[in-house]
Amino acid sequence: MLCLAIESTAHTFGVGIADGKGNILANARDTYKPKAGWGIVPMEARQHHEDVAGKVMEEALAQAGKGLKDIGIIAFSQGPGLPPCLYAGLNFSVGLSKSIKKPLIGVNHCIAHIEIGRLTTKRKDPVTLYVSGANTQVIAFVSERYRIFGETQDIGIGNALDKFGRQAKLEFPYGPKIEQHAKGGKWIGLPYVVKGMDLSFSGIVTEAGKKLSQGESMSDVCYSLQETTFAMLTEVVERALAHTGKREVLLTGGVAANSRLQGMLDTMCRERGAEFAVVPREYSGDNAAMIAWTGILASRSGAKPLAAKKAEILPRWRTDQVDVRWIRR
Ligand code: AMP
Ligand code: MG
């Protein structure tokens with residue numbers, strides 16, 4: 001059974017294809033780039049997604065060497081995300097599902113980031129640190145759901161880095177640029193904000209911007225921004241490990257590409273005797289292969305297809321609201 005899936009929650013429009021054995025046959029995408037100094041303009045991103053949708057699907061089918069006649073299920077990223085962007089994906093998926101007469105499955109985007117990580121790194125039961133533009137969550141499977149043990153109370157770590165990058169007039173994409181500037185930097189104080197198991201980043205970004213305007217070097221500010229926020233994340237992951245008694249950590253989402261964050265988590269895991277794994281680069285940022293694979297897992301475990309007429313977007317759909325029937329423990 002092949003699942004063709006659509007991702008469109010934010011900047012990326014993707015089409016992926018997966019089979020029932022966990023083979024990824026296609027992972028095509030096209031990413032909207034805001035103009036210099038701007039964040040995502042949701043209506044522009046929606047227009048981008050509508051413009052590229054047909055082309056990206058053709059690309060995915062070509063990568064897989066398949067035609068629409070070979071597809072058994074359509075899945076799409078139903079939420080969470082930016083409503084205009086989600087509508088682009090919903091409309092395209094509903095249209096496709098009607099035209100090829102195949103069932104439509106709604107997938108939670110955050111859970112898909114976990115599932116592609118588990119599939120590609122062969123981790124069974126990790127504490128997952130999911131760090132992307134909009135999301136920052138520490139998650140573990142307990143009692144039939146992916147429970148959130150800690151999360152950001154304001155913005156995601158990726159957006160925090162991007163916000164600083166824009167203020168500092170770095171070039172897009174900001175995360176990798178900050179990583180480069182941080183090399184060789186030295187520590188200058190920044191606030192460290194962990195509240196119980198939750199985190200907060202926006203005050204730190206404001207403070208980092210101030211340091212820069214007070215004459216601290218770009219390298220020192222980028223270094224301190226990374227050291228502070230990544231140490232906060234590592235602290236919460238470590239406590240989640242201790243609390244759940246799990247022995248594996250999985251790093252997933254767009255910010256998983258950062259080697260300093262990987263290094264900090266790796267050190268913490270070694271010291272605790274836990275195993276550490278990072279999702280491969282190809283699947284760290286938003287992609288539709290992860291939606292296709294999660295669509296397979298959901299439909300195999302009895303998820304009800306959505307009726308085309310009633311299908312809706314779920315912009316605030318939380319990780320812990322999904323019954324995860326494909327894991328039995
Ligand atoms: P996603 O929303 O999952 O596609 O992730 C996008 C986010 O990942 C953006 O906020 C990027 O700045 C961030 N990102 C990508 N590469 C890196 C990196 N090497 N270091 C830090 N952040 C990164
Ligand atoms: Mg994402």
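All ligand and atom numbering here is 1-based and tracks the order in the structure. Hydrogens, waters and symmetry mates are skipped; everything else that's a heavy atom, side chains included, is used.
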Protein contact of [atom] - nearest heavy atom, named by residue and atom, plus distance:
| atom | value |
| --- | --- |
| atom 11 (C) of ligand 1 | Asp162 OD1, 3.8 Å |
| atom 20 (N) of ligand 1 | Asn258 ND2, 2.9 Å |
| atom 13 (C) of ligand 1 | Val255 CG2, 3.8 Å |
| atom 17 (C) of ligand 1 | Pro176 CD, 3.7 Å |
| atom 7 (C) of ligand 1 | Gly133 N, 3.7 Å |

Checklist entry - Among Cys110, Gly254, Gly175, which residue places a heavy atom closest to atom 15 (C) of ligand 1? => result Gly254
Next on the checklist: Could you tell me if Gln226 and Asn258 have a donor-acceptor pair between their side chains, going purely by distance under 3.5 Å?
Outcome noted: yes
Checklist entry - Does the side chain of Tyr130 come under 3.5 Å of the side chain of Asn135 through a donor N or O and an acceptor N or O? => result yes
Sidechain-backbone polar pair: [X] side chain, [Y] backbone, donor-acceptor under 3.5 Å:
| X | Y | answer |
| --- | --- | --- |
| Thr206 | Ser202 | yes |
| Thr152 | Ser200 | no |
| Arg147 | Ser143 | yes |

Checklist entry - What count do you get for protein N/O/S atoms less than 2.8 Å from the Mg ion (ligand 2)? => result 3
Item to check | Residue from Glu151, Arg239, Glu235 passing side chain to side chain contact (heavy atoms under 4.5 Å, CB included) with Met197 | outcome: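 Only one option passes, and that is Arg239.
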Checklist entry - Numbering the atoms of ligand 1 from 1, which are under 4.0 Å from a heavy atom of Ser132? => result 1 (P), 2 (O), 3 (O)
Checklist entry - What atoms in ligand 1 come closer than 4.0 Å to a heavy atom of Gly158? => result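 That gives atoms 10 (O) of ligand 1.
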Checklist entry - How many angstroms lie between atom CD1 of Ile116 and atom CH2 of Trp293, to the nearest 0.5 angstrom? => result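 These two atoms lie 8.5 Å from each other.
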Checklist entry - Could you state the interatomic distance from NZ (Lys66) to CG (Asp19), rounded to the nearest 0.5 Å? => result 8.5 Å
Item to check | 4.0 Å heavy-atom contact, Ala10 with ligand 1 | outcome: no
Checklist entry - Non-hydrogen atoms of His11 versus ligand 1: any pair closer than 4.0 Å? => result yes
Checklist entry - Is Leu161 touching ligand 1 with its side chain, its backbone, both, or neither, if touching means heavy atoms under 4.0 Å apart? => result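 Contact part for Leu161 vs ligand 1: side chain (C-beta onward).
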Item to check | Asp286 and ligand 1 - part of the residue with a heavy-atom distance under 4.0 Å | outcome: both
Output yes when the distance from some N or O of ligand 1 to some N or O of [X] is under 3.5 Å, and no in every other case.
| X | value |
| --- | --- |
| Gly253 | no |
| Tyr174 | no |
| Glu179 | yes |

Next on the checklist: Between His113 and Asp286, is the side-chain hydrogen bond (donor to acceptor under 3.5 Å, both in side chains) condition met? List the steps.
Outcome noted: CA-CA 8 Å; His113 272 291; Asp286 287 351; 3.1 Å; yes
Next on the checklist: Does any part of the side chain of Asp266, heavy atoms only, come nearer than 4.5 Å to the side chain of Glu275, both counted from C-beta?
Outcome noted: no
Next on the checklist: Quick test of your reading of the model: are Glu238 and Arg272 salt-bridged, counting only N-O distances below 4.0 Å?
Outcome noted: yes
Item to check | Charged N-O contact under 4.0 Å between Lys246 and Asp125 | outcome: yes
Item to check | His11/Tyr32 aromatic ring centres below 6.0 Å | outcome: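 No, ring centres 6.0 Å or more apart.
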